[in-house]
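Each ligand, and each atom within it, is numbered from 1 in the order the structure gives.
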Amino acid sequence: MSGIEVGIRPFDPESSFFSYPTSLHIEELSASIVRSHRETTQYRPEELQALRWKVFSREEIHAYQSKSVDEMWQHCAVRLTDAVQYVVEFAKRIPGFRQLGQNDQIALLKSGSMEVVLVRMSRMFNTENNTVFFDGKFAGTELFKSLACGDLIAAVFDFAQNLCALKLTEQQMAVFTALVLLNADRPCLEDRERVQRARRDVELALSHILHRDNQESLLHKLYQRVQVLKSLCALHIEKLRWFRQLYPLTVHSLFPPLYKELFG
Ligand code: CLR
């Protein structure tokens, strides 16, 4: 093929699989992921900032603490599933994820959606008083006492605190969460190669953004956070097994179907 022929070929962002991604492609991919993120987060950063004064009162905290274990689990499972639903919507809008087969999309969401919820949780986190926006107000760890999994809650809050310290921009978080989802090492994937190719482009997008922001040192720190995410999700699954043994009927008839489909 002559140079001229190459030069006049129309630009097609979806056709990069068999060629090297152009910087224009990577630019467009970042923009698309950032847009998907913005469109699928419940609250914008300004809104969250304005809600910071809303904290649960002593009486309200007591009401949560007085719930029975199974009542509180059910309540939290519903809230968690709401958050997961937004992540599913985000995933479906990521180029590269969209193009995978349905089975692989489900496999990636099974293992990755909770990780993304926990990364997104840092947007809803107030480091000044160690609280998270939950159920309409900011809540500390003590509010979750009746779940009877204090170690998981403490570890999740600790993760949020540490991630907040990195002060990610919305764009950095958007592309990082896309990278968390597009993981070719997840179990039960049919077409790993395809996931790997999609991931490579998102990796380039993240490097590009961090380079542009002059924050290349963040890359290493973000990869370190991924290890912690894995252990938190393993702990979540372990707690769910424990809970299911105690209250099989609550899980069976009262937990959201999506929650059971992804984690059960
Ligand atoms: C994440 C960010 C969302 C709002 C939200 C709702 C539910 C919260 C979740 C956040 C973080 C994780 C969370 C969850 C409720 C229970 C769960 C605190 C803040 C912890 C880890 C317990 C897991 C076990 C349950 C399934 C009982 O925008």
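Side-chain contact annotation: E60 with S57, donor-acceptor N/O pair under 3.5 Å present.
Distances shorter than 4.0 angstrom occur between a heavy atom of Y259 and an atom of ligand 1. Ligand 1 has no atom lying under 4.0 Å from any heavy atom of R120.
There is no protein heavy atom closer than 4.0 angstrom to atom 5 (C) of ligand 1. Within 4.0 Å of atom 10 (C) of ligand 1, not a single protein heavy atom is present. When distances from atom 17 (C) of ligand 1 to the protein are checked, no heavy atom turns up under 4.0 Å.
Ring to ring, F133 and F125 are not that close: their centroids are 6.0 angstrom or more apart. Between F243 and F255, the ring center distance clears the sub-6.0 Å criterion.
Listed by number with element, the atoms of ligand 1 under 4.0 angstrom from any heavy atom of I153 are 20 (C), 22 (C). Numbered from 1 in the order shown, with element, the atoms of ligand 1 that lie under 4.0 Å from a heavy atom of V132 read 19 (C). Distances below 4.0 Å separate heavy atoms of A83 from the following atoms of ligand 1: 3 (C).
Of all protein heavy atoms, the one closest to atom 14 (C) of ligand 1 is L80 CD1, 4.1 Å. Considering only non-hydrogen protein atoms, atom 8 (C) of ligand 1 sits nearest to F134 CD1, 4.0 Å. The protein heavy atom nearest to atom 28 (O) of ligand 1 is M124 CE, 3.2 Å. Nearest non-hydrogen protein atom to atom 27 (C) of ligand 1 is W73 CE3, 3.2 Å. Closest to atom 21 (C) of ligand 1, if we only count protein heavy atoms, is V156 CG2, 3.9 Å.
Contacts between L147 and ligand 1 below 4.0 angstrom, taking non-hydrogen atoms only, involve the side chain exclusively.
Classification of K239 and D151 as a salt-bridged pair holds, one side-chain N sitting under 4.0 Å from a carboxylate O.
Separating the CD atom in Q215 from the CG atom in L168 is a distance of 8.0 Å, to the nearest 0.5 Å. Taking CD from Q171 and CD1 from I33, the interatomic distance works out to 11.5 Å, rounded to the nearest 0.5 Å. Note that CD of E47 is 14.0 Å distant from CZ of R52, once rounded to the nearest 0.5 Å.
Each of K230, R186, R225 was checked for a salt bridge (charged side-chain N to carboxylate O under 4.0 Å, His left out) with E115, and the lone residue meeting it is R186.
Environment of NZ in K260: crowded, with over 12 heavy atoms of neighbouring residues, nucleotides or ligands closer than 6.0 Å.
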